[in-house]
Structure formats: structure tokens, C-alpha cells
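Scroll down for the structure; my scribbles are underneath it.
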Protein chains: 4
Amino acid sequence: MTKTSRPGPGRPRDPDMEERVAAAALQEYGRTGWSGFTMDAVARRAGIGKSTLYLRWPSKEALIRYAVEKHSTPLTFTDGNSLREDVTALVTSLMRYFLDPAGWSSVRVAMDATSEHTDLDGAHAHIVTMHREAASALFQRAIERGELTPDAPIRTITEALYGTVLLHILALTAPERAAASEHIDEDVAPIAELILAAVASAAHATTGAPVSKTSR
Amino acid sequence: MTKTSRPGPGRPRDPDMEERVAAAALQEYGRTGWSGFTMDAVARRAGIGKSTLYLRWPSKEALIRYAVEKHSTPLTFTDGNSLREDVTALVTSLMRYFLDPAGWSSVRVAMDATSEHTDLDGAHAHIVTMHREAASALFQRAIERGELTPDAPIRTITEALYGTVLLHILALTAPERAAASEHIDEDVAPIAELILAAVASAAHATTGAPVSKTSR
Amino acid sequence: MTKTSRPGPGRPRDPDMEERVAAAALQEYGRTGWSGFTMDAVARRAGIGKSTLYLRWPSKEALIRYAVEKHSTPLTFTDGNSLREDVTALVTSLMRYFLDPAGWSSVRVAMDATSEHTDLDGAHAHIVTMHREAASALFQRAIERGELTPDAPIRTITEALYGTVLLHILALTAPERAAASEHIDEDVAPIAELILAAVASAAHATTGAPVSKTSR
Amino acid sequence: MTKTSRPGPGRPRDPDMEERVAAAALQEYGRTGWSGFTMDAVARRAGIGKSTLYLRWPSKEALIRYAVEKHSTPLTFTDGNSLREDVTALVTSLMRYFLDPAGWSSVRVAMDATSEHTDLDGAHAHIVTMHREAASALFQRAIERGELTPDAPIRTITEALYGTVLLHILALTAPERAAASEHIDEDVAPIAELILAAVASAAHATTGAPVSKTSR
DNA sequence: ACATAAGCGAGACGGTACGTCGCGTCTTTAA
DNA sequence: TTAAAGACGCGACGTACCGTCTCGCTTATGT
């Protein structure tokens, strides 16, 4: 994305700037979406000139991609002692992430990437891979603890976990979404329970080994 | 949206036009997303003048909202004999819908609606309500048939069903998405199974903490 | 320059606008010259959008050319009774013209046209031809009246007349130029006398026929 | 313009550079006029950095002023034996000077100086004074030789001489200008004759109204 | 010899104008 | 009355140049 060559002569690039721009870009994107996301506004908000913007990022798409990638790792994967604990933590963390403008933007960028001619493929792949790997690690630990059979449909379970949270938030009205972060646990509980129920049943269905008494 | 008054004098409105415009709008939106979705391009593709566009729809948002609402009811809710049958049919139908540019556009519009200043709230509400009611009917029938307890967390189950399908498609790469419609059943089966598993577990438990005996 | 086709459908072009723009353009050009002559400023001053500007004139050069051509005919060629009278009137008129921002701009445009890659050739030809024809008519009448021999070096005399006035003004300092229009006759007299002296001598030298007693 | 203090410590300024820059500046200015005369281009052409440019000249105007002043003394004033000889030599020299890009640039700079906010007043004064003094010396010698009365309108004659040459060249088309230097004498002769004729007439008369007996 | 000081090429920086294109509005002719 | 056409004021696009500002390097003088 940015120039990586040795310093050489000439004024060095301002290292703070990329961070300020990324923040400004996410604020603008979160405020109005693609329509209303203008390079002029980002430059104005970040207090820089447009030429500096285009010196680093060749287009609007490249800039929003950079901003999303830079801010898309606030997910805290607590290494808990049980699947229940891990799933609840992940759902909570995910819910917070999707309620945050930056996190929600990453989802919208992933969706916009499904259009052709958007130059957003890289961002899409980055986002998908990042989340997939995080969830895989979680379920892998569950398998190692014996809470999950090795042949469990991990990919589908992951999709169910992420998708349920995503759609739960997508279905909220604007005022509901604004107030949601104050009582996250109430929203998290039923989703986590459903996922755990699905996992338990799936384990039964495919292997017959009960998950109920596995932990501790 | 459109005028319904008596013919009166003057040139009659072109009845085909709204359909042509809706199709053109969805094609344009599906092609490049918000960027690249221009009224000029829609008018050009539909073979009409821009003023005709603004005569019917007051803004870009109104047009895309209209187009999405018009094309967002191809979901066939087969009134089958079992929950398994109904869920499989819904997941299949949903998968096809999301793989279609028009259906996928409705999702993207719902996402764009989460930004303030987009005037897309109406579209968001329409889409959410439509799907929610359809799913509710499905699960209501299951309760009547005794396949589901009346206190099952229908809303969360619905979110899981829709969300899993949505995220499954969102996570596909561009070539995978292009090829997906040829072997839908392979993608549908694991998702349907997981949902049914979750339903089965939930049916055996009370709403509070159905799987709680698993840990501790 | 502007579209000349039949009205047809569509909103007709604002006929007032071209005049407003030409005036604004000359004011801007007169104020700061090429540097500082910006399309944005012209649009702002004329109260129109930039697109309207570019709808009519494809470039900055085309606009200034148009403005200069439109305002470059205020020269009043009085059809007097003697060469002396005509020359004095032309020198006075020319002096006033060159002291006026619009007239002076036409000279500067003609000079800029001598650069390659300026697309100002048309303006140059227009200005030169206009003045040349006007002066030719003046001297032609003098020949018809017998004040000038038919083989007089009209072209050189014309160049001397225009050139002397031009350089007289070019050599003025800024404050002198600002005050010059208040006492034009003092500046005009010696120039007119010199031109007439040159004409008289030239007539002697080439033909021997005295000009002194020709008139009245 | 340049620093004149004692050497002191530090790297001495490159003596060749100012000449290279002046040449580059005149080439750029002659090529496209003010539009297209960019500091970046001058630096590029002269093979130096922009900071070096601004170290010596505080602005674009200062640079072009310097360049014009540096190259504006190629006029050779032959101290001939007669007014005819001197005038012919000056007209020839002037014609060559105005046909040369550098000389012509000095005229254009003088014209641009007539705009306010250009910081070109110094250049304007320099150019005007330089030429005025040269011509004055010429006519002063003629007076000393008795070829001209002491009360001859020297200033107006000078303006006529310079102005006629200037306008002669200004009225040329691009191809004519390109070919003009090959047959200068043909262009010089009529102009010199006209000026000499005017001088001759003026010498025989008093300043007031030398040709006044012609009319009325 | 070695610090000090200035010149120099390079190039990032905050701005602003370029000429293009889309917005939503307006004003016309044609159906 | 509606359709099609297209001019209009506005503002963002991505590019180029302005004049300023660090940089690393070079080339001198003064210890």
C-alpha cells in the first residue's frame, strides 16, 4: 500500500498521517456510506491536501480498503476453558465489533466487493480470511479439549455464528441499533445458546458422542 | 409510488416503463454498487429521459428502493408436510435469491440503509418485515404441527437461518459465487441440517438456558 | 462558437449568459492577466456553474478568445473630411481602446497567440484583420480625395500609426496609465502630427506631389 | 537578486546555474507563455531542484523578470556616420531582437506587467528605460551632427520607431514570423524610410504643429 | 583532521485550479 | 398531461502546479 523503500533524499512521509486519514475515512464512510464518502471530505477532516491522499492511495476504493484493513482486528479471542465460554466471548466481541462504525464498515466493504469493477477483492479476501482463521482456532481448541468431534461441520458452524450476529444487527432499526450496545448481553445470550445447541445436536447426530458432560 | 388516478386528458403514462426502469436500476446497482449507480446510466439503459425518472421517483434512493421492493418477492414458501421439508425449501429458495443480482441488491440496500442520511429506512423496514413474516409463518406451522414448542426462540432461529445463508454467500469468492448456483443442494444441506439441529435442541429445552447443564 | 441549430426540444440556452461571461472574463483577465485568470473565478463572478462554461467554450483559451472578439469593435471610424481629421480621430479612438481593459486585453491576447500550443491563432487573425481593414478604409478614402498617392506604403503607415499608439501606452507606468484617459488629447497630438509628417514626406519622396495643399 | 556577500564557509553557489535557469525559463516562457510556464518545468529543464530555484528567486514573476533582464541587451548600437545609417541599424537590430524568443519574451513581460498583482513592475521599468536610453543616445548624436533640431519630439519619434517594428512583427502570422529572419532587410527598409521621413518633416517644423499648414 | 555552514537534488506537504461527469432542477418541443 | 431532450448551478473526481518544508549529500571555510 505505502512506499516501503529506503528513506533516501527528500522529505520523509508523515507517519502519523496514515492513521489520521484512516480514522477520518472510517468516520466519513460510517456516516453516509458510499454516497457521501468523498475524498475532499476525508482530506478536509484529516486536515491534509488531496494530493497527499492520492500520493498514497490511488483511488477511493484503495483508501477505504486500507482503512478497513487497518482497523479490522479489534476482536479479542479469549482463550477460555470451555466452548461455552469461548463462544459467548466471541459472540459478544463480534456484536460489539459490528455495532462499531469501523467494524460495520468492514462488512459493508465486503458486500460492495461482490460488485465487479470495484477493486475491492483484496479487502474482501482479507476480511473473510481474518475471521475464518479466528473462528477455526476457537473450534480447533474445542476439538482438542474433546468438546467437539473432529468431523464437526466447522465451516457451517462458523457461518452460523457470524451470520446470526450479522443478521441480528442488520435487522435492527436505527434507534434499536443506537441503543443496542448498552445491553449487549441480552442480545448475546439467545444467540450463543442457539449456536451451542446446534453444535451439541450436530455432535450427536454425526457421532453419537454427547457433548453435555465433556468439559471440566 | 405511482399515480393511480383516472386517465384524464393528456398523454398516458407508459405502462412498461416502470418495469424497464426497475430492471435497469438493479442491473446498474448490481454491476458496480453505489459508486457507478447513476441516474443518467439508468435512464440511458432504460431508454428514457432523466426527467421521466424524476417525475416518478424523487431521488436515487427512492428509485433503488422501488426497484428492490418490486423484485423482492420471488421467495416460494412451499407449505410442506414437515419442518425439515419447509426449512430445506426456504434455505434453497433463499440461497437462490441471494445469488441473484436483484436479491443480493436488496441485502446491500438494507446495509446501506444503516447509514444516516440515506433515506433508505423505508426499504430497510420493508425488507426486514417481509422476510420476518415469511419465516414466522413457517415456524408457526411447525408449532401447530407440534414439531416445535410454542416458546421456541423463533426470532433467533430465523436470524440464524437467514444469517447463515447470507454469510455463506458473502464469504464466497467471486468465481465461487458465479459457479454456486449449479450445485446449490450441496451448499443447502449442511445449513439446513444445522438449523434443524438447533431447532431440535431448542425444542427440548426451556427458553432460559437450554444447554446450560452442559458446563460447570 | 455557440450552437446555431434550430431550437428543437430541450431547455434553450440562456442568451444573456454569454454576455455576462464575456464581461466577467475580461474583468478577470484585465485584473491579473493569464496568471490568476481562472475558470472558477469567471464562473463565480458570472454566477454560473463551471459545466455551463465548458458547455460553450472548450478551454480557457477559447473563452478569452471569444470575450476579446466580442468586445473588440468599439473603434469609431468617423468619415471625416480630411486625412488630418481622420488620423486624429483614429489615434484618439485607438488610445481610448488600448487604455480600456477590454481593448488592452485584445493586444495581450494577440501577443500570447505568438506562442505555440495556445490555440489562440484564430483570435490573433481576427484582431489583426479587423484593425487592418479599418485602417485600409481610412487611407483608401485619403487616396480617393487625392491626399495620398495610390502607391503610398499604406501597410507600413498603418503599422506606424497602431504601433506608435501601442508603444506609447506600453511605455507608461501604472499610475501614468491610470491618469492618461483624462488628458488624451495631449498624448494624441504629437503622435498624430508625426504620422501626418511621415505621410507627407513619404508622399514627397515617392511621387513628388505635395500633400500640403491637397485638402479643401 | 543574487547574494553578493563574501564567500564565508559553506558550499559556494553554482555559477553556471543561473545562466542555465535563465535559458530554461525563457525557453519555457517562449514555448507556451504564462500558461505552461511552470517552475517545475523550468527546474526539470535546467536539471535542478525546485528548492534551488526558490533559494534565489522568491516567485515565478521574479524568475521571469531576472531571465528577461539578463538576456535583454543584445542590441548593438553602431555609432555610424549618419542618422540614416544609425536608424537602419537600430531597426534591423530591433527586428532581430523581437524575432528572437528571448527578446520577444521581454515585450510580453512588459505587457503582462500592466496587470495589477503581477510584481512585474520592476521588469517593466527596466525594459522601458533600457530602450529609451539607447534611442535617446542615437538621436542625441544626430542633434550634435546637426541632422536634427534640438527641439525635435524625440520621445514620440522613439515610440514610432519601436512601435512600428513591434506592431510589424505582432501582425505577422506564425509561418510568416518563422520565415521573417531570412529576409529582414526587405522588412526593415520601408520602416526605416518612414521613420526618416517623419524625422525629416519634424526637423523642418517647430514642435507645436509642424504639419499644420497642410490642412485648413 | 574535523567540525561548521551553506548549497543542492529530491520529494512530501497543504492548497487550489484544471477539465470531466453526475446530481437534481428547470424549461422547452413533441406526442 | 406526459415523454424526451438538454441547459442549468453545484460540487466531487483524479491530475498538476504552487510555494513551503524537511531530508541526505556535497563542497567549501575555519579551526
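A note on names: the letters A, B, ... follow the listed sequences, proteins ahead of strands, and every chain is numbered from 1.
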Nearest whole Å is fine: how far is [N] [atom2] from [X] [atom1]?
| X | N | atom1 | atom2 | answer |
| --- | --- | --- | --- | --- |
| Leu53(C) | dC18(E) | CG | C1' | 12 Å |
| Arg20(B) | dA4(F) | CZ | C1' | 12 Å |
| Asp119(D) | dG19(F) | CG | P | 11 Å |

I want to check one thing: is the phosphate of [N], taken as OP1 and OP2, less than 4.0 Å away from some side-chain N or O of [X]?
| X | N | answer |
| --- | --- | --- |
| Arg56(B) | dA3(F) | yes |
| Thr52(D) | dG7(E) | no |
| Arg13(D) | dG7(E) | yes |

Of the candidate nucleotides dT22(F), dG7(E), dC8(F), which contains the atom at the shortest distance from the side chain of Leu55(D)?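 Given the options dT22(F), dG7(E), dC8(F), the side chain of Leu55(D) is closest to dG7(E).
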Selection from dA3(F), dA5(E), dG9(E) that lies nearest to any side-chain heavy atom of Pro9(A):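 Nearest to the side chain of Pro9(A) among the choices is dG9(E).
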Taking every non-hydrogen atom, the tightest pair across Ala23(A) and His71(A):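 In this case the closest contact between Ala23(A) and His71(A) is N-CE1, 4.5 Å.
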Any salt bridge between Arg65(C) and Asp119(C), counting N to O under 4.0 Å?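 Asp119(C) and Arg65(C): not salt-bridged.
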Would you indicate whether the side-chain heavy atoms of Arg108(D) and Ser115(C) approach each other to under 4.5 Å?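 Yes; the side chains approach each other to less than 4.5 Å.
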Sub-4.5 Å side-chain heavy-atom contact between Leu55(C) and Arg13(C):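 SC-SC contact between Leu55(C) and Arg13(C) confirmed.
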Check nucleotides 15-18 of chain F against the protein and report each pair of N or O atoms closer than 3.5 Å, with its distance, or say if there are none.
from    : atom 1 : to       : atom 2 : distance (Å)
dC18(F) : OP1    : Met39(D) : N      : 2.6
dC18(F) : OP2    : Met39(D) : N      : 3.1
dC18(F) : OP2    : Asp40(D) : N      : 3.1
dC18(F) : OP2    : Asp40(D) : OD1    : 2.7

Got a list of side-chain donor-acceptor pairs under 3.5 Å for residues 40-54 of chain D, not counting sequence neighbours?
from     : atom 1 : to       : atom 2 : distance (Å)
Arg45(D) : NE     : Glu28(D) : OE2    : 2.8
Arg45(D) : NH1    : Gln27(D) : OE1    : 2.6
Arg45(D) : NH2    : Glu28(D) : OE2    : 3.1

Which residue, Asp14(C) or Gly10(A), contacts DNA chain F at a nucleotide closer to its 5' end, judged by nearest heavy atom?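 Final value for this comparison: Asp14(C).
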Could you check Ile48(C) against Arg11(A) and say which one's nearest nucleotide on DNA chain F is further toward the 5' end?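 Of the two residues, Ile48(C) wins.
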Report the relative orientation of the aromatic rings in Tyr29(D) and Trp34(D); use parallel for angles under 30°, tilted for 30 to 60°, perpendicular for over 60°.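 Answer is perpendicular, since the angle exceeds 60°.
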